[in-house]
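For the single chain, residues carry numbers from 1 onward in sequence order. Every heavy atom of this structure was used, including side-chain atoms; hydrogens, water molecules and symmetry mates were not.
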Amino acid sequence: SFQTSNLYRSLNDYKVYSLEEIDETAIKHHLNLTAEEFEKEYDWNGVFEVNKEERDYYREGRVIHS
């Protein structure tokens with residue numbers, strides 16, 4: 001089996017994004033959380049690293065705050 005996740009970040013970029021699928025497209029949301037806030041809801045092992053082109057492929061949505 002393989003792991004799936006809607007969380008990703010680009011190499012050397014601290015911002016973690018969550019993908020939200022709407023119809024047949026996806027919108028990325030920056031998770032503007034402290035490490036402690038992030039760990040309450042998410043797992044660091046579920047964050048995939050992608051290249052800059054893939055990071056920038058999706059339209060940017062709202063920023064998610066705690």
Side-chain angles (χ1 to χ4, degrees):
S1 71
F2 60 93
Q3 180 181 4
T4 61
S5 176
N6 69 336
L7 301 175
Y8 73 96
R9 70 179 198 82
S10 180
L11 183 63
N12 299 321
D13 185 358
Y14 69 93
K15 290 183 176 181
V16 174
Y17 294 94
S18 173
L19 282 179
E20 175 186 16
E21 291 187 43
I22 299 176
D23 297 321
E24 293 185 18
T25 62
I27 298 174
K28 67 181 180 182
H29 301 285
H30 171 218
L31 299 176
N32 189 15
L33 307 171
T34 66
E36 294 80 17
E37 291 168 336
F38 182 90
E39 290 171 350
K40 287 179 183 177
E41 296 188 44
Y42 305 100
D43 179 4
W44 288 108
N45 293 320
V47 179
F48 291 104
E49 279 190 0
V50 298
N51 61 40
K52 183 181 180 299
E53 289 77 22
E54 186 170 352
R55 180 199 65 196
D56 295 341
Y57 176 79
Y58 301 103
R59 184 169 51 102
E60 193 141 351
R62 65 178 169 35
V63 176
I64 298 174
H65 299 277
S66 61

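- Surrounding OH of Tyr57 are at most 12 heavy atoms belonging to other residues, nucleotides or ligands under 6.0 Å away.
- To the nearest 0.5 angstrom, Tyr58 atom OH is 8.5 Å from Glu21 atom CD.
- Put simply, CG on Asn45 and CG on Leu7 are 11.5 Å apart, with the number rounded to the nearest 0.5 Å.
- Under a hydrophobic clustering in which Ile, Leu, Val, Met, Phe, Trp and Tyr are joined whenever their side-chain heavy atoms come within less than 4.5 Å, directly or via other members, Val16 and Leu33 fall into the same cluster.
- The CG atom of Asn32 lies 12.5 Å from the CZ atom of Phe38; values are rounded to the nearest 0.5 Å.
- Under a hydrophobic clustering in which Ile, Leu, Val, Met, Phe, Trp and Tyr are joined whenever their side-chain heavy atoms come within less than 4.5 Å, directly or via other members, Tyr8 and Ile64 fall into different clusters.
- Using a 4.5 Å heavy-atom cutoff, the side chains of Val50 and Tyr17 are not in contact.
- Under the side-chain contact (heavy atoms from CB on, under 4.5 Å) test applied with Ser18, the options Val47, Ile27, Leu31 reduce to a single match, Leu31.
- The closest side-chain heavy-atom distance from Arg59 to Lys28 is not below 4.5 Å.
- One finds the NE2 atom of His30 at 8.0 Å from the CG atom of Asp13 (value rounded to the nearest 0.5 Å).
- Hydrophobic clustering, with ILVMFWY side chains joined whenever heavy atoms are under 4.5 angstrom apart, groups Tyr42 together with Trp44.
- Residue Arg55 comes nearest to Ser10 through the heavy atom pair CD-CB, 3.5 Å, listed as atom of the first residue, atom of the second, then distance.
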